[in-house]
Amino acid sequence: MAIPFAPDPYAGTPVILNDDDINGPLPIGFDFCFYGNTYSEVYICSNGWIGFSDGPTAFTSEAIPSVDVNVPKNCIMGPWYDIDPGDGGEIRYQVLGIAPSRRFVVSYIDVPHFLCGDHLETYQITIFETTNDVENHIAEKDICFGWDDGQGTQGLHNIDGTAAVPNPGRNNTAWAATDDAVRYSPIGDPDVEWYDGADLIAVGPDITLCPLVPTTYTVKLISCGVEVATD
């Protein structure tokens, strides 16, 4: 959902990256749940995405979800765009706040586009402890029409390329943004557990029961070890 533009200070530990490059794994400082899996480390790519596993570093003009091996997965695209920190700008990361409400912030600061070097891109990707929310604050994102028709992608992509949450209108399209922000809450598909009283009797979305007397059964949805719903 759209939120007010309010980036954190553009500060932290510098990450040295060249064109089509990646750095990691780097410690997040807390456990983070993304699409149902828990991570404590992150990778930072030069082309505007952070992920929880290594992946292809070159920019490919492609919409998400995609199972194409050239498309990064298990990642947050903020946006995925062909920028080149080897030509200038900075990439930094920092951990802010106090447990259990810390946040891990990655800042791309005045990084030029690969072809249109006068286009300087500035944005932040932030992940939050406990809530597992993701925020993306874009101070400036231009369009380089001379490279892949200016297309870029903003959103979330799961680990096998079968699911994604693209920001509407920004899925491998030509778009610009200034002082723009969005929040995602990607807890992922939960595990399903069935109980008879305190006893776990089955897992999965379906269960067959044949009680001899009226009985109350409880189903729980568990994401990254946390109960997110029950009935």
task: Following the transitive rule for hydrophobic clusters with a side-chain heavy-atom cut-off under 4.5 Å over Ile, Leu, Val, Met, Phe, Trp and Tyr, establish whether I159 and V134 coincide in one cluster.
output: yes
query: Does I201 share a hydrophobic cluster with V219, counting links as ILVMFWY side-chain heavy atoms below 4.5 Å and allowing steps through other members?
result: yes
Exam field: side chain H157 to backbone P166, donor-acceptor pair closer than 3.5 Å: no
Smallest separation among heavy atoms of Y184 and V165, with atom names: CE2-O, 3.8 Å
Closest non-hydrogen atom pair, S107 against P9: OG-O, 4.4 Å
- request: Tell me, with the steps shown, if D87 and V111 meet side chain to side chain contact (heavy atoms under 4.5 Å, CB included).
  value: CA-CA 8 Å; D87 275 351; V111 180; over 6 Å; no
task: Kindly check if the number of other-residue, nucleotide or ligand heavy atoms within 6.0 Å of CG (D231) is above 12?
output: no
field: Under-4.0 Å salt bridge between E121 and K141
entry: no
message: Using a 6.0 Å cut-off, check whether atom CD1 of I98 has over 12 heavy atoms from anything other than its own residue.
response: no
field: Donor-acceptor contact below 3.5 Å, side chain D84 vs main chain G86
entry: yes
- prompt: Looking at V106, V105, I76, which hits side chain to side chain contact (heavy atoms under 4.5 Å, CB included) with I127?
  reply: I76
- request: Find out if a path of hydrophobic residues (ILVMFWY) with successive side-chain heavy-atom gaps under 4.5 Å connects V15 to M77.
  value: no
- request: Can you see which heavy atom on F128 is nearest to which on T131, and at what distance?
  value: CB-OG1, 3.4 Å
Table please: side-chain donor-acceptor pairs of residues 18-31 below 3.5 Å, with sequence neighbours left out.
from : atom 1 : to  : atom 2 : distance (Å)
D20  : OD1    : N47 : ND2    : 2.9
D21  : OD2    : N18 : N      : 3.1

- prompt: Looking only at atom types and distance, does a side-chain atom of D68 sit under 3.5 Å from a main-chain N or O of N70, one as donor and one as acceptor?
  reply: yes
message: Hydrophobic cluster membership, with links at side-chain heavy-atom distances under 4.5 Å among I/L/V/M/F/W/Y: are I3 and Y123 in one?
response: no
query: OG1/T218 to CD/E193 distance, rounded to the nearest 0.5 angstrom?
result: 11.5 Å
Between Y93 and F104, ring centroids under 6.0 Å: yes
field: Separation between OG of S46 and CD1 of I16, rounded to the nearest 0.5 Å
entry: 12.5 Å
message: Run I109 and I91 through side chain to side chain contact (heavy atoms under 4.5 Å, CB included) and show every step you take.
response: CA-CA 6 Å; I109 310 160; I91 300 175; over 6 Å; no
task: Specify whether Y39 and F52 have parallel, tilted or perpendicular ring planes, treating 30° as the upper limit for parallel and 60° as the lower limit for perpendicular.
output: parallel
- line: Here the pair of heavy atoms bringing A177 nearest to W175 is CB-CZ3, 3.8 Å
- prompt: Any chance the side chains of E140 and T178 put a donor and an acceptor closer than 3.5 Å?
  reply: yes
field: Close side-chain approach of P65 and T162, heavy atoms under 4.5 Å
entry: no
message: Using every non-hydrogen atom in the two residues, find where I138 and Q154 come nearest and quote the distance to one decimal.
response: CD1-NE2, 3.6 Å
message: What verdict does the side chain to side chain contact (heavy atoms under 4.5 Å, CB included) test give for W49 and L156, after you've listed the backbone C-alpha separation in whole Å, the side-chain angles of each residue and the deciding distance to 0.1 Å?
response: CA-CA 10 Å; W49 60 265; L156 313 180; over 6 Å; no
S101 side chain to A99 backbone, donor-acceptor under 3.5 Å: no
message: I'd like to know if the side chain of N172 and the backbone of E62 have a donor-acceptor N/O pair within less than 3.5 Å.
response: yes
- request: Any pair with a residue in residues 41-115 that passes disulfide (SG to SG under 2.5 Å), sequence neighbours left out, goes on the list, sorted by first then second residue, please.
  value: none
task: Measure the OG1-OH distance between T122 and Y108 for me, rounded to the nearest 0.5 Å.
output: 12.5 Å
- prompt: Measuring from D142:CG to L120:CG, what's the distance to the nearest 0.5 Å?
  reply: 8.5 Å
- prompt: Taking T173 for the side chain and G169 for the main chain, is one N or O donor matched with an acceptor at less than 3.5 Å?
  reply: yes
message: Using the rule side-chain hydrogen bond (donor to acceptor under 3.5 Å, both in side chains), only one of R103, H137, Q124 pairs with D8; which is it?
response: R103
- prompt: Under a 4.5 Å cut-off applied to non-hydrogen side-chain atoms, are D118 and C116 in contact?
  reply: yes
field: Minimum heavy-atom distance D160-V67, with the two atoms named
entry: O-CG1, 3.7 Å
query: Ignoring hydrogens and geometry, is there a side-chain-to-backbone donor-acceptor pair from N158 to A163 under 3.5 Å?
result: yes
field: ring pair (Phe, Tyr, Trp, His ring centres under 6.0 Å) evaluation trace for F114 with W147
entry: CA-CA 8 Å; F114 172 75; W147 189 254; 5.0 Å; yes
field: From OH (Y195) to CD1 (I207), nearest 0.5 Å
entry: 11.5 Å
- prompt: Ignoring hydrogens and geometry, is there a side-chain-to-backbone donor-acceptor pair from N132 to C33 under 3.5 Å?
  reply: yes
- prompt: Hey, any chance V95 and I125 share a hydrophobic cluster, counting ILVMFWY side chains that come within less than 4.5 Å of each other, even indirectly?
  reply: yes
statement: Distance col, row N74:CG vs F34:CZ, nearest 0.5 angstrom, shows 6.0 Å
task: Test V71 against W80 for side chain to side chain contact (heavy atoms under 4.5 Å, CB included), laying out the working first.
output: CA-CA 10 Å; V71 177; W80 179 37; 4.1 Å; yes
message: Within the 4.5 Å heavy-atom criterion, are Y10 and R92 side-chain neighbours or not?
response: no
